[in-house]
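Worth knowing before you read on, the calculation uses all heavy atoms, side chains too, and leaves out hydrogens, waters and symmetry mates.
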Number of protein chains: 2
Amino acid sequence: MPKRVDHDERRRQISEALWRIAATRGLDGASLRDVAAEAGISLGRLQHYFTSKDEMFVFALDYISGLAERRIRERVQALPGTPAPRDILRHCLVEMLPLDDESRAGNLVQVAYYARAVHDARTRRHAQEGVPALRDFFAAQVRHAVERGEVDPERVPEDEAMLLLALADGLTSFALLDVYAPAEALRLIDRHLAGLFSYNSSPRSSGSKRS
Amino acid sequence: MPKRVDHDERRRQISEALWRIAATRGLDGASLRDVAAEAGISLGRLQHYFTSKDEMFVFALDYISGLAERRIRERVQALPGTPAPRDILRHCLVEMLPLDDESRAGNLVQVAYYARAVHDARTRRHAQEGVPALRDFFAAQVRHAVERGEVDPERVPEDEAMLLLALADGLTSFALLDVYAPAEALRLIDRHLAGLFSYNSSPRSSGSKRS
DNA sequence: GCTATAGCAATACGCTTGACTTGCAAATCG
DNA sequence: CGATTTGCAAGTCAAGCGTATTGCTATAGC
C-alpha cells in the first residue's frame, strides 16, 4: 500500500476550518471551495475525505458537540473536593456562555447549526438529543441542593433545570448580538442563581417530599 | 399617468411570501425566484418593487418587527381596567412565545433574521435596537410591582427584565426545536413569574433602598 | 524493480443564483 | 386621440455552486 494518513485527523482539520467559516458567515456561507481554502487544501482533497457536503456538516457537528460536552465534563470534574451543587451548576453555565473569544466562536457555530436545525429534520434530531441529558444533570444538582436545604423544596428540580438552560441560551443570544457585554450575562446568571439558592433553612423535617 | 398600484401594499405581499419561505427554509433558502413564485408573481415584477435582494430583506424585517410590536402593544392596551404589572408582563411574554402556528411561523422568521444578524452588521443593528425599549418597559413593570409590594425590593428591575427577556428567548429556542411542547414553555414562564412575584408583604417601611 | 493503489490535484459539467436589459401592454392626461 | 409613462414579463449574463471524472505521483508490498 502507498502512503497512509490519519483520515479522522484530516477530517477534524477540515471541520475546524468549517467552524471558522460558519462562525463568521454561517453554514450557508460555507461553500466546499471556501472550506478547502480555509483549511489550506484543494477542493479535491476535501472531497476525498467527505463524499458530500452534508456528510461534512454532520461530522463537524458531531465533532464540536463532542468537544463541548467533554469540556464541560472536564471542568466539573476538575472541581476540588466534593463541590456544592451550586458550584457545579455555575461552572457548567460559565462554560456555556460566550465569555471569551474561543467560546464565542463555538457559540456562533452552534447558532449556525441551530438555524439549520430549525428547518432540517436531521440536524434538528441531533440538536435535540443533548438537551434531556443536560436537563437531567442540572435537575439532579438542584435536587441535591434541595436535600441540602439550599433550595426551597417547593421548587421542581426539572423545571428549575430547564429554566437555567433556557436562561443561558437566551443570554447567549443577546451576548452574541452585542446587546450587552458577555460579562453582563454572567452577572445575570449569578443573580438568578442567587434567587434560586436563597432558601434560608437548616435541613428541616420536610424531607418527605417525593412524587 | 397609467395604471397606479399601491407600491407598499405590493411590497407587503412580497414580504409575506418571503416570511413563508424564510420560516420553512431560512433566509438563505429564499431565492428571488422562489419568493416570486410563492407570491404568485413573476421575477420581473418582484424586481420592479425591490431593486436588490437585500432591500427586500430589510423591508420585510421592518415590516414584521413593526407588526410584532403593534400586536404586543394592542394586546397590553386591550387589558381591562388598570391591569396589574404581573398581568402586563405575562401578556407580553405570551405574545412572544410560539404558542400557536402563526406565532411559531413568526418566531421562525425571527430566527432566520437572527442567524443573519449574527454575521451581518446591518441586520444586527436592526436586531439590537428593539431590545432596550422592551427591557425598559419590562423594568418599569417590575419597578411598579416593587412599589406595590408584590416583588422583593432587593430585586433590580432592569436585571429582572433582562432575565425575563432571555428566558422567553431561550424557551422559544427549545420550543422551536421541538424539545418540548410550546405549552411547556408557558408553564415554565409562569413558574418563573411565580418566583419573581413571591414577595409576601404589605408595602412596609423598607422603601429607602436606593443605590 | 515492478505493480497495485492511496492520496490528491485539476478540470469539467449541469444548475442555480442575483442582477441587468429589453420591450411591450395598458392606462392616464393633455 | 395620441403621447407618455407606469407596470411588468421574458430573456440574458457571468459568477458560483455541489458533484463527478480523470489521471498523475509517490509509496508499500511482493
>> Side chain of A:Asp34, heavy atoms from C-beta onward: which of D:dC8, D:dC17, C:dA19 has the nearest atom to it?
In response: D:dC17
> Which atoms form the tightest heavy-atom contact between B:Pro157 and B:Ala139, and what is the distance?
Replying inline: CB-O, 3.5 Å
>> Expressed as a whole number of angstroms, how long is the span from B:Tyr49:OH to C:dA19:C1'?
In response: 19 Å
>> Any side-chain N or O of B:Arg45 below 4.0 angstrom from OP1/OP2 of D:dA10?
In response: no
> Think A:His48 has a side-chain N or O under 4.0 angstrom from the OP1 or OP2 of C:dC8?
Replying inline: no
> Rounding to a whole Å, what distance do you find between B:Lys53:NZ and C:dC20:C1'?
Replying inline: 16 Å
> What is the distance from CG of A:Leu27 to P of D:dG18, rounded to the nearest Å?
Replying inline: 12 Å
> Quick one: is C:dT17 close enough that its OP1 or OP2 comes under 4.0 Å of any side-chain N or O from B:Ser31?
Replying inline: yes
>> Using whole Å, what does the distance between atom P of nucleotide D:dG18 and atom CE of A:Met56 come to?
In response: 8 Å
>> Distance check, rounded to the nearest 0.5 Å: B:Met96 atom CE versus B:Leu164 atom CG?
In response: 9.0 Å
>> Heavy atoms from C-beta onward define the side chain here; which of D:dG18, D:dG7, D:dT19 lies closest to that of A:Arg33?
In response: D:dG18
> D:dG16 P sits how many Å from A:Arg25 CZ, rounded?
Replying inline: 12 Å
> A:Leu43 CG to D:dT19 P: how many Å, rounded?
Replying inline: 10 Å
> Between D:dG7 atom P and B:Leu46 atom CG, what is the distance in whole Å?
Replying inline: 15 Å
> Considering only heavy atoms and no angle criterion, is a donor-acceptor pair shorter than 3.5 Å present between the side chain of B:Gln47 and the base of C:dC20?
Replying inline: yes
> Should B:Arg20 and B:Asp34 count as an ion pair when the cut-off is N to O under 4.0 Å?
Replying inline: no
> Within the structure shown, what part of the strands sits under 4.0 Å from B:Ile41 by heavy-atom distance: base, sugar-phosphate, or nothing?
Replying inline: nothing
>> If I compare all heavy atoms of B:Ala36 with all of B:Leu46, which pair ends up nearest, and what's the gap?
In response: N-CD1, 3.6 Å
> At under 4.0 Å between heavy atoms, what does B:Thr51 touch on the DNA or RNA strands: base, sugar-phosphate, or nothing?
Replying inline: nothing
> Quick one: is C:dC8 close enough that its OP1 or OP2 comes under 4.0 Å of any side-chain N or O from A:Arg10?
Replying inline: yes
>> At 4.0 Å (heavy atoms only), tell me whether A:Leu32 reaches a base, stays on the sugar-phosphate, or touches nothing.
In response: base
>> Name the residue from A:Phe57, A:Tyr63, A:Phe59 that meets the ring pair (Phe, Tyr, Trp, His ring centres under 6.0 Å) definition with A:Trp19.
In response: A:Tyr63
> So, is B:His7 close to the D:dG7 phosphate, meaning a side-chain N or O under 4.0 Å from OP1 or OP2?
Replying inline: yes
> Given atom CD of B:Glu55 and atom P of C:dA19, what is their separation to the nearest angstrom?
Replying inline: 10 Å
